[in-house]
Amino acid sequence: MLDIVYIRNNPQEVSEKLARRGFDIDFTEFLEADAKRRAMMHENEELKAERNRKSAEIPMIKKEGGDISQWTESLRQLSDRIKENDIMVNKMTEEQQEFLRGIPNIPADDIPAGGKENNEIVSVWGEPMPVDAAVKNHVDLVESTGMIDYERGVKLSGSGYWIYRGAGAVLEWALLNYFVYDHLNDGYEMMLPPHILNYSCGYVGGQFPKFEDDVFQLRGGGDEFQFLLPTAETALTNIHADEILSEDELPKKYFAYTPCYRKEAGSYRAEERGMIRGHQFNKVEMFQYTRPEDSEEAFEELVRKAARLVEGLGLVHRISRLAAGDCSAGMRKTYDIEIWIPSMQIYKEVSSVSTAGDYQARRGNIRYRRADTGKVDFCHTLNGSGLATSRIIPALVEQCQQSDGSIVVPEVLRPWMHGIEIIRPLAEGNV
RNA sequence: GGAGAGAUGGUCGAGUUGGAUGAAGGCACCGGUCUUGAAAACCGGCGAGGGUGCAAGCCCUCCGCGGGUUCGAAUCCCGCUCUCUCCGCCA
C-alpha cells in the first residue's frame, strides 16, 4: 500500500514512477474523490463535536430538574444525520482503500524500467558448461541414481509431485542444513512457522486478493479461508503485523524453513519437467525488518548471502537485476540469483531477493518507535530465498555429474551426508 | 465435539446499577533532582490513527471485530473471531 499523503502531494511523480513498471494510472479522479471525502468527513466531525457538547449538558440540566425532552428530540435528528454521513464517508473510504490496494509498489530509481527484457546481469560466477551430448539431464540423473521417485510421487498425489528418497532425500536435507547453519552463523533467528495461514496473512504479504487462486485453499465454510503457504515469506511478513517495535530491536533478521505449496496452474512446458516447477518444494527464506535508512544495506546483505550459498556449492550462477515490470507488485527492487542448468542451457532462478520498502509494512501495520523523536514510523521489510532447493538439485546433479553418471557431492554438504561422497547409479532393475 | 470463563493503552490490571475519564493504579520506558558513578528514593512525562492550523492548540475516532438500543455505550442487546479452564476423542 502506498502512502496516500505522498500521492496527494506528488501525483505526477507517482504516476511517472509507476509507469516505469508498465502500470498506467491517473490520480485526477482519485484525488477529487479524496478531497470530497475529506470535506465530508470534516463536516461530519463538526456535527459530532456538536453532539458531544450538547449531550454532555444533559446530565447537568437533569440535575437541576430541567426538562430535556426538546433537547433529546433535536439531538436525535442530529444523530440520524451523523449516521447517514458516516455511512457515506465509510463507503468513500472503502472505495479509496480498494483503489489504493490495487496500486503496486513504486519501483526503486536504480533499477531499469520496462519488462523482463530489460533485466540486467549484475555478475556471473563460473563458466557455463557448453552443450555436450554426454551431458545427462537431471531427470535422467536423479532417476538413475534413485534420488527421486517421480512415478510414485504422482501415484501418491498427482502430477507435479515427487518423492525424495535415499541419497536424494539425504542430499536435500543436507542442503537445508547447509543453509540453516549459514544463517545461524550470521546471527539470523530461526523460525519454523505454521504452514497453514489465515487470509489476512495473504493480504499483508501482498499476494491477495490477486493470487488467491494460486494457493491451496482450505475452506471451513466461511468467506475467508486458510491456505497452505506458497512461501515462508507470507508467514514471516506477518509475524509483527499490528505491532510497534522499538528501534533498538531493529534490524530483525529471521529465516524459516518450510515447504512451499503452489498450484502452479497452467500447462507445464516440456523443458520444465523434473524438479524445476512443482506444487511442493523446500525453501529456506530469509527475512529482515529494518529502519528505512538501513534497508538498502540489508538488501545488499541478503543478495550477498544468497549468492554466497550457491558459490559455496561451487555451482555456476549469476545475479540479475530485475527490471521494474518484472518485480512482483509489492516490491521496489528485486535481484535474482540464477543457476546454470547445463541440459537446458539456461539460468534458472534459485533465489529472489527483494525489498518492499514500507509497502508491506503499511498493509500489515508494522511499525517501530524512533528512539530520538519518540515517533512511530513504518518499518521496511525485505525477503530473499536462501535458498530454494528445487532448482538447486537439478543444477547440482547436472553440474556435478561424472561421465559414469555418478554425482560428486559438494564438499560443503559432506558433514550432513552420512558419509556419502559420490552418489552412484543404481544397478539395473533396482529402481 | 460438549460445558463454562474471558478479550481494556508497551505490559499487568481497575472500571460493567450507561453520562464528569482515553480510561485509576503498578511495571516498563523517557527527562530531571540526588550520587564520585550506579542503584534506591523523589519530581515530571509517556497510546494510536485521522482532520485542521505556521505553531501552541483545537476537533473526531478507537476499550477483540461487526451491528443494534440510546440524546449519550468500555459499560446494555445480537452476531462473529480469538484465548483460557473442564469433559470427551485421539495421531
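Residue numbers begin at 1 in each chain, while the letters A, B, ... track the order of the sequences.
Nearest-nucleotide positions on RNA chain B place His42(A) closer to the 5' end than the other of Arg76(A) and His42(A). The nearest heavy atom of RNA chain B to Met41(A) and to Arg53(A) marks one nucleotide each, and the one closer to the 5' end goes with Met41(A).
Counting heavy atoms of neighbouring residues, nucleotides and ligands inside a 6.0 Å radius, atom CD of Glu98(A) does not exceed 12 of them.
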Chi angles and distances behind the ring pair (Phe, Tyr, Trp, His ring centres under 6.0 Å) call for Phe99(A), Phe30(A):
CA-CA 8 Å; Phe99(A) 181 83; Phe30(A) 170 76; 4.7 Å; yes
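Between the base of rG10(B) and the side chain of Glu243(A) there is no donor-acceptor pair shorter than 3.5 Å.
Applying the side chain to side chain contact (heavy atoms under 4.5 Å, CB included) test between Leu309(A) and each of His183(A), Met286(A), Arg304(A) identifies His183(A) as the sole match. None of Glu301(A), Lys252(A), His380(A) except one satisfies the side chain to side chain donor-acceptor pair (under 3.5 Å) rule with Gln288(A); the exception is Glu301(A).
For the C1' atoms, the distance linking rA28(B) with rC46(B) amounts to 11 Å, nearest Å. Distance noted for atom C1' between rA3(B) and rA91(B): 25 Å (whole Å). rC82(B) sits 32 Å from rG72(B) when the P atoms are compared, rounded to a whole Å. rG9(B) and rG49(B) have their C1' atoms separated by 14 Å, with the value rounded to a whole Å. Nucleotides rA20(B) and rC77(B), compared at atom C1', are 26 Å apart to the nearest Å. rU11(B) and rC63(B): their P atoms are spaced 16 Å apart (whole Å). Rounded to whole Å, the separation between the P atoms of rA40(B) and rC30(B) comes to 12 Å. Taking atom C1' in both rU61(B) and rA23(B), the straight-line distance is 15 Å, to the nearest Å.
Within the structure, every side-chain polar atom (N or O) of Asn44(A) is placed at least 4.0 Å from both OP1 and OP2 of rC60(B). Between rG47(B) and Arg369(A), no contact under 4.0 Å exists linking OP1 or OP2 to a side-chain N or O. Under 4.0 angstrom from either OP1 or OP2 of rG49(B) there lies no side-chain N or O belonging to Asn365(A). Within the structure, every side-chain polar atom (N or O) of Arg37(A) is placed at least 4.0 Å from both OP1 and OP2 of rG51(B).
One interatomic measurement links the two molecules: CD of Glu46(A) to P of rU61(B), which rounds to 13 Å at whole-angstrom precision. Lys48(A) places its NZ atom 16 Å from the C1' atom of rC71(B), with the value rounded to the nearest Å. Rounded to an integer number of Å, the gap from OH of Tyr368(A) to P of rG10(B) is 18 Å. One can place CG of Asn198(A) at 16 Å from P of rC65(B), the figure rounded to the nearest angstrom. Atom pair Glu50(A):CD and rC71(B):P shows a separation of 16 Å (rounding to whole Å applied). For the pair Asn90(A) CG and rC62(B) P, the computed distance is 11 Å after rounding to whole Å. When the C1' atom of rC62(B) is taken as reference, atom CG of Asp86(A) falls 13 Å away, rounded to whole Å. Distance, Asp242(A) CG to rU11(B) P: 12 Å, rounded to whole Å.
Under the rule for a ring pair (Phe, Tyr, Trp, His ring centres under 6.0 Å), Phe216(A) has no partner lying at least two apart in sequence or in another chain.
Of the N and O atoms on the side chains of Ser320(A) and Asp336(A), not one donor lies less than 3.5 Å from an acceptor on the other residue. Between the side chains of Glu233(A) and Asn383(A), a donor-acceptor pair is found at a separation under 3.5 Å.
In this structure, the ring of Phe287(A) has its center less than 6.0 angstrom from the ring center of Tyr289(A). Checked against a 6.0 Å centroid threshold, the rings of Phe299(A) and Tyr335(A) count as neighbours. Between Trp162(A) and Phe281(A), the ring centre distance reaches or exceeds 6.0 Å.
Listed candidates were rG49(B), rU61(B), rG51(B). Nearest to the side chain of Asn52(A) is rU61(B).
Of all non-hydrogen atoms in Ser351(A) and Leu387(A), the two that sit nearest each other are CB-CD2, 3.6 Å.
The residue Arg8(A) sits close only to the backbone: its heavy atoms come under 4.0 Å of sugar-phosphate atoms, none of a base.
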Taking N or O atoms only and anything under 3.5 Å, show me the protein contacts with nucleotides 72-74 of chain B, one pair per line.
residue	atom	partner	partner atom	Å
rG72(B)	OP1	Ser79(A)	OG	2.9
rG72(B)	O4'	Ser55(A)	OG	3.4

How is the base pairing of RNA chain B summarised as a dot-bracket string, given the Watson-Crick and G-U wobble criteria with both distances under 3.5 Å, [ ] for crossing and | for another strand?
((((((((.[[[..)...(.....]]].(((((.......))))).((((((....)))))).[[[[[..)....]]]]])))))))....
